[in-house]
**Q** 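Quick one: the structure is below, and I'll ask about it shortly.
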Amino acid sequence: MRIADAPRLFAPILLATIASSAAAQTAYPVIPEPMIFDMMRPLGAQKGETEVNALATTSSPFRPREAEWAPEVEYAFADGKAIEFELPFNGSRLEALKLGLQAAFGASADGRSAHGVQYLGIYDRDTGRYSNSLLYMAGHRFSPRWSMMNMVGVDDIALRRRAGRNALLLNHATFYDMRAGTVTGVEVNVAGGRQRFVRVAPQWHQRLADKVNVQLAAGAEKERRHRVRPALGVRLVREL
C-alpha cells in the first residue's frame, strides 16, 4: 500500500468515530454475534475486552487447499467502541490485510434494542487495491430466547459511480437461545456489485468453556454465473 493511499484508509474510520461520539450505554441487550459476517465485539462491549478467533469456510470439505480462513484479533478500546485486525488466507496464501472499526450508538430505554456502525477496510495484496465498506447495525432481543441482528450498508465505496462500486451489503441473523451456552440461528448474507453473492447459513454456537466458544455452519451459497454450492464453516473463539 502506498503512503498516498493513507488518507483514503483513515478518513472513513475517522468519520465513523466522530459519528459515534455519544457515550455507550451499559444496558445493552445480549445478542449473539453472526458467525460469517462477524462483529468486532458485541455492541455493548466494555473497555478492555479482547477476543481472538479464526473463521474457516469452504464449499469443498475434502479439498483443504480450497478453504478460506482468517485469524483475527478484536479489542474494545473504549466502552462501545472496538477495533479489529484480520488476516484473510486462501489455503496457505495470505490474500489481504483487513482493518475494522465498530462503534455503538446506544440502546433503547428498555434495553431490548441497540444500534451502531461498522467500518471495514481491505487491502488486496495481489492487486495493491484498497476497498472499504460501511454498515449500519441494528439488533433487537424479542424475548429471553429469540433475538436478531441486522447489518446493512455499502461495499467498495467510491465518490464517483462506477460499475460494481457502492454495492449493497446486507446481513441478517436470527438466533434462538436453546439453553445456557447453546445458541442456534440462521444467517443470510447478500452482496451486490460484481459478485452478486447470496449465502444462507444455518448455524450452531456452543460454549465449550468459560471463555471458549465454537460456531458451526452448514448451508448454501450462490455467486453470479455460478451454480448453487454448499457453504460450510467453523469459527473458534477465545475471549481474553
Side-chain angles (χ1 to χ4, degrees), residues 5-51 53 55 70 72-86 88 96-123 130-141 147-159 165-175 185 187-193 197 237:
D5 291 333
R8 289 192 299 163
L9 172 63
F10 293 107
I13 300 178
L14 180 60
L15 290 175
T17 304
I18 293 174
S20 63
S21 57
Q25 300 179 17
T26 56
Y28 278 87
V30 178
I31 300 174
E33 298 180 58
M35 174 185 160
I36 306 297
F37 208 118
D38 190 29
M39 295 168 59
M40 300 149 209
R41 304 299 301 149
L43 285 175
Q46 300 296 302
K47 180 179 179 180
E49 289 184 10
T50 305
E51 176 186 305
N53 70 74
L55 170 69
E72 58 187 64
V73 178
E74 304 171 356
Y75 175 70
F77 59 89
D79 289 350
K81 299 179 177 65
I83 192 169
E84 170 190 280
F85 299 97
E86 182 178 337
L97 306 175
K98 186 174 179 180
L99 172 69
L101 186 70
Q102 179 177 292
F105 289 160
S108 63
D110 60 1
R112 296 176 61 190
S113 298
H115 65 143
V117 67
Q118 182 184 100
Y119 167 81
L120 297 170
I122 302 176
Y123 172 70
Y130 177 80
S131 62
N132 55 80
S133 62
L134 191 64
L135 298 102
Y136 172 75
M137 303 181 297
H140 184 75
R141 177 158 286 282
S147 61
M148 74 173 182
M149 177 61 67
N150 293 306
M151 306 166 75
V152 60
V154 180
D155 186 29
D156 205 359
I157 299 171
L159 296 180
R165 306 293 297 272
N166 299 319
L168 170 71
L169 274 182
L170 174 65
N171 190 78
H172 169 82
T174 297
F175 299 104
E187 182 177 352
V188 180
N189 313 124
V190 178
F197 180 86
V237 180

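Residue indices begin at 1 and follow the sequence shown.
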**Q** On a heavy-atom basis, which atom in M40 and which in A82 lie closest, and how many Å separate them?
**A**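 It is O-CB, 3.0 Å.
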**Q** List the atom of A76, the atom of Q46, and the distance in Å for their closest heavy-atom pair.
**A**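 Scanning both residues, the minimum pair turns out to be CB-O, 3.3 Å.
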**Q** Could you state the interatomic distance from CG (D156) to OG (S133), rounded to the nearest 0.5 Å?
**A**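 These two atoms lie 9.0 Å from each other.
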**Q** Passes side-chain contact (heavy atoms from CB on, under 4.5 Å), Q102 versus Y119? Steps please.
**A** CA-CA 6 Å; Q102 179 177 292; Y119 167 81; over 6 Å; no
**Q** Which residues satisfy the side-chain hydrogen bond (donor to acceptor under 3.5 Å, both in side chains) test with S113, sequence neighbours excluded?
**A**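 Per chain and number, S113 pairs via side-chain hydrogen bond (donor to acceptor under 3.5 Å, both in side chains) with H140.
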**Q** A114: which residues meet the side-chain contact (heavy atoms from CB on, under 4.5 Å) condition with it, sequence neighbours left out?
**A**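 A114 satisfies side-chain contact (heavy atoms from CB on, under 4.5 Å) with Y28, P29, L43, A107 once adjacent residues are dropped.
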**Q** Just jot down the side-chain hydrogen bond (donor to acceptor under 3.5 Å, both in side chains) partners of E84, sequence neighbours excluded, or say none.
**A**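 None.
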**Q** Once rounded to the nearest 0.5 Å, what's the spacing between atom CG of D155 and atom CG of L168?
**A**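 D155 CG to L168 CG: 9.5 Å, rounded to 0.5 Å.
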**Q** Could you pull out all residues at least two apart from I83 that satisfy side-chain contact (heavy atoms from CB on, under 4.5 Å)?
**A**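 With neighbours one apart ignored, the set is Y75, F77, F85, L99, L101.
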**Q** Under a 3.5 Å distance rule, please check whether R41 uses its side chain to pair with a backbone N or O of E74 as donor and acceptor.
**A**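 Not at all, since once roles are kept as given, no pair shorter than 3.5 Å links the two residues.
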**Q** What pairs with E187 under salt bridge (Lys or Arg N to Asp or Glu O under 4.0 Å), at least two apart in sequence or on another chain?
**A**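 If we apply the salt bridge (Lys or Arg N to Asp or Glu O under 4.0 Å) test to E187, skipping adjacent residues, there are no hits.
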**Q** Drop me the distance from M39's CE to Q118's CD, to the nearest 0.5 angstrom.
**A**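 Rounded to the nearest 0.5 Å, the CE-CD separation comes out at 7.5 Å.
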**Q** Take N132 and L120 through the side-chain contact (heavy atoms from CB on, under 4.5 Å) test and state the conclusion after the steps.
**A** CA-CA 5 Å; N132 55 80; L120 297 170; over 6 Å; no
**Q** With sequence neighbours excluded, tell me which residues meet side-chain contact (heavy atoms from CB on, under 4.5 Å) with N150.
**A**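 Once residues adjacent in sequence are excluded, the partners of N150 under the side-chain contact (heavy atoms from CB on, under 4.5 Å) criterion are M148, H172.
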**Q** Determine, stepwise, if the pair F37 / N189 fulfils side-chain contact (heavy atoms from CB on, under 4.5 Å).
**A** CA-CA 8 Å; F37 208 118; N189 313 124; 4.1 Å; yes
**Q** Measure across N166 and I157 and return the closest heavy-atom pair with its distance rounded to 0.1 Å.
**A**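 For N166 versus I157, the nearest heavy atoms are OD1-CA, 3.3 Å.
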**Q** Of all residues at least two apart in sequence or in a different chain, which pass the side-chain contact (heavy atoms from CB on, under 4.5 Å) check with V237?
**A**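 By the side-chain contact (heavy atoms from CB on, under 4.5 Å) rule, V237 matches E51, N53, N213, Q215, R235.
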**Q** Applying salt bridge (Lys or Arg N to Asp or Glu O under 4.0 Å), name anything that partners R112, two or more places apart in sequence or on another chain.
**A**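 Testing R112 for salt bridge (Lys or Arg N to Asp or Glu O under 4.0 Å), a comparison that skips the adjacent residues, returns none.
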**Q** Side-chain contact, heavy-atom cut-off 4.5 Å: N171 with P34?
**A**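 A side-chain contact exists here, since the closest heavy-atom pair is under 4.5 Å.
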**Q** Would you check, one step at a time, whether the test side-chain contact (heavy atoms from CB on, under 4.5 Å) holds for F197 with V190?
**A** CA-CA 6 Å; F197 180 86; V190 178; over 6 Å; no
**Q** What pairs with K98 under salt bridge (Lys or Arg N to Asp or Glu O under 4.0 Å), at least two apart in sequence or on another chain?
**A**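 Counting only residues at least two positions away or on another chain, K98 forms a salt bridge (Lys or Arg N to Asp or Glu O under 4.0 Å) with E86.
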**Q** Decide yes or no for L135 and V152: does some side-chain heavy atom of the first lie under 4.5 Å from some side-chain heavy atom of the second?
**A**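 Answer no - side chains too far apart.
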**Q** Distance check, rounded to the nearest 0.5 Å: L97 atom CG versus I122 atom CD1?
**A**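 The CD1 atom of I122 is 10.0 Å from CG of L97, to the nearest 0.5 Å.
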